[in-house]
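Contents: one structure, followed by commentary.
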There are 4 protein chains.
Amino acid sequence: MSVRLRDSLATTEAFDALFSDVSVLQAMLNFEAALARAEARAGVIPETAADVITKVACAENFDVKVIGLSAAGLRAGTLAIPFVKMLTELVRTVDTAAAGYVHWGATSQDVTDTALVLLLSRAAGLLAEDHTRLATALCKTSDEHAGTVMLARTLLQPAPPTTFGLKIAGWFSAIDRSWTQLEAQFEEIRTVQFGGASGTLASLGSKGVEVAELLAAELELSNPPAPWHTQRDGLASLICALGVYVGSLGKMARDVELLMQFEVAEAFEPGGNGRGGSSTMPHKRNPTACAITLACANRLPGLVSSFLSGMPQEHERAAGGWHAEWATITDAVEATSLALASMVEVAEGLSVDPNRMRENIAATKGLIFAERAMMLLGAKIGRDKAHKLMNEAAQRAGQSGRKLVDVIAEMPDVRTALSADEIASIDKPEEYLGSAEEFRKRIMSRE
Amino acid sequence: MSVRLRDSLATTEAFDALFSDVSVLQAMLNFEAALARAEARAGVIPETAADVITKVACAENFDVKVIGLSAAGLRAGTLAIPFVKMLTELVRTVDTAAAGYVHWGATSQDVTDTALVLLLSRAAGLLAEDHTRLATALCKTSDEHAGTVMLARTLLQPAPPTTFGLKIAGWFSAIDRSWTQLEAQFEEIRTVQFGGASGTLASLGSKGVEVAELLAAELELSNPPAPWHTQRDGLASLICALGVYVGSLGKMARDVELLMQFEVAEAFEPGGNGRGGSSTMPHKRNPTACAITLACANRLPGLVSSFLSGMPQEHERAAGGWHAEWATITDAVEATSLALASMVEVAEGLSVDPNRMRENIAATKGLIFAERAMMLLGAKIGRDKAHKLMNEAAQRAGQSGRKLVDVIAEMPDVRTALSADEIASIDKPEEYLGSAEEFRKRIMSRE
Amino acid sequence: MSVRLRDSLATTEAFDALFSDVSVLQAMLNFEAALARAEARAGVIPETAADVITKVACAENFDVKVIGLSAAGLRAGTLAIPFVKMLTELVRTVDTAAAGYVHWGATSQDVTDTALVLLLSRAAGLLAEDHTRLATALCKTSDEHAGTVMLARTLLQPAPPTTFGLKIAGWFSAIDRSWTQLEAQFEEIRTVQFGGASGTLASLGSKGVEVAELLAAELELSNPPAPWHTQRDGLASLICALGVYVGSLGKMARDVELLMQFEVAEAFEPGGNGRGGSSTMPHKRNPTACAITLACANRLPGLVSSFLSGMPQEHERAAGGWHAEWATITDAVEATSLALASMVEVAEGLSVDPNRMRENIAATKGLIFAERAMMLLGAKIGRDKAHKLMNEAAQRAGQSGRKLVDVIAEMPDVRTALSADEIASIDKPEEYLGSAEEFRKRIMSRE
Amino acid sequence: MSVRLRDSLATTEAFDALFSDVSVLQAMLNFEAALARAEARAGVIPETAADVITKVACAENFDVKVIGLSAAGLRAGTLAIPFVKMLTELVRTVDTAAAGYVHWGATSQDVTDTALVLLLSRAAGLLAEDHTRLATALCKTSDEHAGTVMLARTLLQPAPPTTFGLKIAGWFSAIDRSWTQLEAQFEEIRTVQFGGASGTLASLGSKGVEVAELLAAELELSNPPAPWHTQRDGLASLICALGVYVGSLGKMARDVELLMQFEVAEAFEPGGNGRGGSSTMPHKRNPTACAITLACANRLPGLVSSFLSGMPQEHERAAGGWHAEWATITDAVEATSLALASMVEVAEGLSVDPNRMRENIAATKGLIFAERAMMLLGAKIGRDKAHKLMNEAAQRAGQSGRKLVDVIAEMPDVRTALSADEIASIDKPEEYLGSAEEFRKRIMSRE
């Protein structure tokens, strides 16, 4: 199974394999084999039939027929119809009697939804690995930069300083909270779909719940109180959680992308390995991984919206809302994996320029410390007078291009009120970090 | 505060009051008063200042100025800037010194986000009341109709029977699961926003966390590990949960709307009280409440999408993403309240026609029981032979317009294999409900 | 190129081929070859280089390398970077000097955007064929059913009659208007993208516009006034037009799906050919094509939303917004083709049951004609008196289950005012069609 | 009518007035009065009735009842039902007979849709004024900065230079193209909705089309071939065009916001007049208008998505899809007006710092000219050799922090091949602008 060019910017290789033809087929086959075994154990169908079905239910047996399957699935509105037909035919070549027990009591939506659940469970595992790497890298880098001062920026304008450690901790807090919710949704959805034609398992008589229980056990899924056919809240909550998680990754990507600007140049995603660093411009490094992440963050909201729009599904099987889901949810999962993999690379390879961070603070000529100066002075001579003096100082500094603290140092009223040391401390960023480190530690200890 | 015409189909009165001018202003004032008291207790500002600010912080003092406030808010990009100015001026008329301590150490986003959180917490309470009514009504009606048989319908076509009790239980299961998640998100977001200019509370020196703690306590909110400025995952998860909840309500609305069709006529939302029942057509009842709910279910996905799109917010305060949130999230909450109130009315006033349900089953002439007939017969004469016979019977029944069971009863092979009682049982819906009641009870016992 | 299972419900075969690896590659190669030829004609590069590049630029030469290309594209954030490298290497094996002129003066976005435009132009042609079939079928069927009376339905409840001809004309009017707009957008976007590194074509000196003109001519595209890099309004308008068109198809699908309900049974999409008609239930026919169309109508709005969200692209090349577009727009085009192909099948194979339409009118017992009765009577005895009488009649008819006209015929006041013929005409649907046929003709003549 | 606080960041005052209670009411009244006059002229109702209805149909007569109207509208699912009742009652107080002719032959959707169309037409006029101002300002500023060189930036990294004139022309081109399409959609939708209960105007007998024609003329709207009830493609295309237009405004806002960064500081939206320029930081100016525009660009895609999702409307009147439209489309129009007004202010008050633009170019130490150097050199000594030399030069320049051109000037091979003047010209931005001005003029002449 190869990645197709048109998908090449939409998925990682691991996830392309997860949703490959073989993988999708095998998940559907796993359902059918597990169903047969469950029904045999419940005495609904013969053991031998279950054995044969299990043996035949291997994707390798079907690969060559995929094209036909796909076209037939399109016509039928669901893969399940031609899939069951194909499986039945193949079983029949081995054991005619067993063929009669394929898909016994189940409906198309049972196999399709459960196969999706099985694939999503595997997706959860793959994402978990990458998330752990990301979280680890973020915590480590946050610790390293606990004391690295930098400009905070509001509406893209300089504000009093913060630390890069706290900034990273902020990314971590949102990404980790979002992950906790996403993981919980993946867990919620690990549940079998099995309701038969009408959601009553009528054709299994009184054995419906028993078979459902055994089927769930076979597939290592939980057995819900009842089939969830047209109640799509579980999947909807999952895709929402994907959306929020990718949004949190996108926030980090946005920040890194902005920090990488040539004019800012404070932190950089790693280059190399095909990332398109420029040979002619060694200082130039494109925020490729960030761009990919932001592209995913651009795609997710629309996918979430599509899924939610399809929730009001008709009666016991929808005409349309259900049919749209597979493409939407697999796209969302793939885009999540891509955004995550990209940010793992960014977090693990982030290079930081603390000197440049200081230079960028200095370039504001201390204007971001006007608030601080006013508070120091206000404590001595009253807020109103202090406010007036500081406005004057800021104006003068702004017009002359001199440092605020130098202008202040020349003001007689200030020199009377503040010591030289106090004046000198005004534009030391380390002195004006408030609870930055305490906040950082509170976030980290919460982990 | 009156509902505006243009909003009249977008909100209930309770929620219109919640987001009214007075209510929004008061929430912002509550933040400022609580902040002043917290800072006084922490020794950051004088007690007297806190007293004055608290006394002045009453929406009635501001009402006349709302128009100017709104226009100024638009220019400033946030209400908070003119609001703080206005509050400061008003405090100054009472106590000049106290005016200097208004909004001390806080930033615009602190008061805006926290006010939003306070309003959302009240919204949660209002919604909870309605949800309880809805859940109660659904459980009661499900119990009453545990034995009411009706057609299941897949892709809007008849399928083997189910019970109306199970159908309602299905609605309940999704709505109640979605509510549990929504309630949890409302709880998660009950958290103060307080970070000052850069999210470090620098101007409070070492007292930032202490003041934050006291402020949270004053407002009966929790104090997060750190300010969450540009980490919007909490609100994002909340609006997603609103979207899923309304989607689950929409599913119920879709079903009721379809059941109310003149040609189906199995269940009806209540008319009367301005719902537009027709005097000239007593049998006609428009699914007005369902239509309103579906309109809300139409609006939510787009709102969710907008919110998620705004998540990658720049640095310590976004330029745009944040500014879009208020309208989006309040619209989402209002639409949720409207959908919920509508479905409460539907659930509490639902009228059901069990006879018509039976007639609609009968109108299929037993064709939905072909599967059942085949299974009964198959057990006696083998699946393959049974399948062939049943196909023939179904064809004949379809062409002649006779009941399937009558056609079957005339087939010699069938009469040999099945007793007259067995044959007669084939199209009794009660005999082919499988685990319907067991599923229903499992859902209900989970509550 | 085979359809992948996971895409099998998301695209038609024609469109899968259009966006296949070979097809995408060839479109990119066509750009490079055309560029080389244009530059040779403008005297920018040697003729021989253009010849070699043109000769090499054949997808067959690259097919085996697609996997590597895709992975490298992912890392680089765009296919174009490894693609140009690969093409250059291949040209070098033929002619070292020519290799130096591959992609001369162009940038990644130039080849990617132009390749997309080329593929979209071909998509337009494919869609046009299907649209013509659809429009033709709708016009024909509308003419055939100009006189077929049926219930109108508002909020899914019966209303005074209309004709099926007018209903179809309504579908046609929206679908055809939407197509006109879509076609215009496809035409608008048939424009070359060519701006070089910064959108100035600096490396071509004074020959930029000349080369652009020649390049456009080579590709049979128009040459825009200037490169459109980060101005995505053209593509945005196109995807919006796809969204509206599919919405109009979805309206038709919704109606057919509702008409196909067993309880309504007035019109049906064709079954057979894998559409999942049921052998055991000959009367059952699933609205599969409608469901697929509605699934597409569910997907499009989210895709449109994603595209629009990405429009505020940074400076001369976006970091993220651009990278998300390819997947979004190709998904939208594919879903459009699928919805359209499905509705062509529905329109061409629609089966209609005029008798059932009449029966469904009759089943309302004439209550939908109460308005008509009142107007006839009002002309004779005054509206107020007529209104009172008709209310009474409707009540009585509703309670007794008798036909309205029969109840009316017994009322002495009515018998005095209206002749027996007039009374008998009240519930003749043909008599109460107003301007239905005139409207239909106006729509059709507009074509 | 006052702006409400909760809406204060979502609409301009002009548009708040447009969708105020009085305005909405008057639009509905205008429909009813025009209908009465049209019907009188067609001989359908008495002249006197039309006179009375016209006289009564003034919003001032209703204002006090708005609250009740709104609540009743909510219950009925549409304002139209209580509105017509209220109007009828008021007419009755003047002339009992005339009351019988209020809303004659019309349905709720007729008055609601037509009122919306009337309001949208007025919106179009208001937007047109602002668009003209914006376009004028952009053209003027583009001309002024035709020769102002600045860095192009791709993926937020420096690229070879462009002109600010061309950059502005790019904004203009997209905004103006989008406006042309938006204006066309406003024109398309200026069409009356008039179909009566079922879209056939049955109650007008043979006079339906004639009355529709006269009604349209009265309202200065066009008369469509037939009612467009559940065919919402016209409005859908309009909201899409709003989305694209705001997206184009958002692109401009994004660029300005990025240029305003303290570290870039090349262009600025105007401060003052409540825009939140900082008194303590004179150099700080928040991109408030850009942030508001981007907030609108964040909201629009979700609104477009909601509208498109509602397009598959049932039969002759939808149950839900239609009910959601009003809020969605008026929100979209308001957000558009706000984004546009904001960008008018930006365009008219933009301040530009050409010196800083040059400094930012210089800060790259000429690395962005490596491509140019290579081409100059390649023409003399062959591309391969030139490429190798330039790589070496770029590496050396990057490591040493010296200007590229200084490093180059020391290379013996270069000095042999290029004159001192040629070398000196390498990092002159004016020399490497390609077709920038030609592109700019082509855009401008297209206007």
Side-chain angles (χ1 to χ4, degrees), chain C residues 100 152-156 159-160 162 170 173-174 177-178 181 197-204 208-209 225-226 231 233 236-237 240 243-244 247-248 250-251 254-255 258 294 297 301-302 304-305 308-309 311-317 319 371 375 383 432-436 438-439 442-443 446, chain D residues 100 152-156 159-160 162 170 173-174 177-178 181 197-204 208-209 225-226 231 233 236-237 240 243-244 247-248 250-251 254-255 258 294 297 301-302 304-305 308-309 311-317 319 371 375 383 432-436 438-439 442-443 446:
Chain C
R153 291 177 177 94
T154 58
L155 289 105
L156 293 177
T162 187
S173 70
R177 267 194 309 264
S178 308
Q181 301 223 353
S198 298
T200 62
L201 292 176
S203 63
L204 297 182
V209 173
Q231 307 296 355
D233 57 296
S237 294
C240 283
V244 175
S248 296
K251 153 62 177 162
R254 178 78 79 210
D255 281 358
L258 290 168
L294 287 165
V304 170
S305 166
L308 294 178
S309 292
M311 284 185 75
Q313 303 201 348
E314 296 89 359
H315 295 314
E316 279 70 39
R317 185 113 59 258
E371 180 194 39
M375 297 187 93
R383 277 176 62 85
Y432 203 58
L433 291 171
S435 306
E438 202 172 348
F439 284 150
R442 285 165 64 96
I443 290 172
R446 231 208 184 177
Chain D
R153 291 176 176 96
T154 57
L155 289 105
L156 294 176
T162 188
S173 69
R177 267 194 309 264
S178 308
Q181 300 223 353
S198 299
T200 61
L201 291 176
S203 63
L204 297 182
V209 174
Q231 306 297 353
D233 57 297
S237 294
C240 282
V244 175
S248 295
K251 153 62 177 163
R254 178 79 80 209
D255 281 358
L258 291 169
L294 287 165
V304 170
S305 166
L308 293 178
S309 292
M311 284 185 74
Q313 303 200 347
E314 297 88 357
H315 295 313
E316 279 70 39
R317 184 114 57 259
E371 179 194 39
M375 297 189 94
R383 277 176 62 86
Y432 203 57
L433 291 172
S435 306
E438 203 173 345
F439 285 150
R442 285 165 64 95
I443 290 171
R446 229 207 185 178

> Heavy atoms, side chains only, cut-off 4.5 Å: are C:Pro225 and D:Ile443 in contact?
Replying inline: yes
> Among D:Ser435, D:Ala297, D:Gly302, which residue forms the greatest number of heavy-atom pairs with chain C at distances under 4.5 Å?
Replying inline: D:Ser435
> Between D:Gly100, D:Ser248, D:Ala197, which has the largest tally of heavy atom pairs under 4.5 Å with chain C?
Replying inline: D:Gly100
> Which atoms of C:Leu433 come close to chain D, meaning under 4.5 Å heavy atom to heavy atom: side chain ones, backbone ones, both, or neither?
Replying inline: backbone
> With a 4.5 angstrom heavy-atom cut-off, which part of C:Glu314 approaches chain D: side chain, backbone, both or neither?
Replying inline: both
> Hey, which of C:Gly250, C:Ser198, C:Ser178, C:Gly208 has the most heavy atom pairs under 4.5 Å with chain D?
Replying inline: C:Ser198
>> Please find the pair of heavy atoms, one from D:Ala174 and one from C:Gln231, that lie closest to each other, and give the distance.
In response: CB-OE1, 3.1 Å
> Is chain C contacted by the side chain of D:Val304, its backbone, both, or neither, given a heavy-atom distance below 4.5 Å?
Replying inline: side chain
> Is D:Cys240 close to C:Val244 at the side-chain level, that is, under 4.5 Å between some pair of heavy atoms?
Replying inline: yes
> What are the two closest heavy atoms between C:Ala319 and D:Leu155, and how far apart are they?
Replying inline: CB-CA, 4.1 Å
>> If we define contacts as heavy-atom pairs under 4.5 Å, which of D:Glu438, D:Met311, D:Lys251, D:Gln313 has the most with chain C?
In response: D:Lys251
> Is D:Phe439 close to C:Val209 at the side-chain level, that is, under 4.5 Å between some pair of heavy atoms?
Replying inline: yes
> So what's closer than 4.5 Å to chain C heavy atoms on D:Arg254: side chain, backbone, both or neither?
Replying inline: side chain
>> If I compare all heavy atoms of C:Ser203 with all of D:Glu371, which pair ends up nearest, and what's the gap?
In response: CB-OE2, 4.1 Å
>> Nearest 0.5 angstrom please: C:Met375 CE to D:Leu204 CG, how far?
In response: 7.0 Å
> Any side-chain heavy atom of C:Pro312 within less than 4.5 Å of one from D:Leu294?
Replying inline: yes
> Does a side-chain heavy-atom distance below 4.5 Å link D:His315 with C:Leu156?
Replying inline: yes
> Ignoring hydrogens and geometry, is there a side-chain-to-backbone donor-acceptor pair from D:Glu316 to C:Ala152 under 3.5 Å?
Replying inline: no
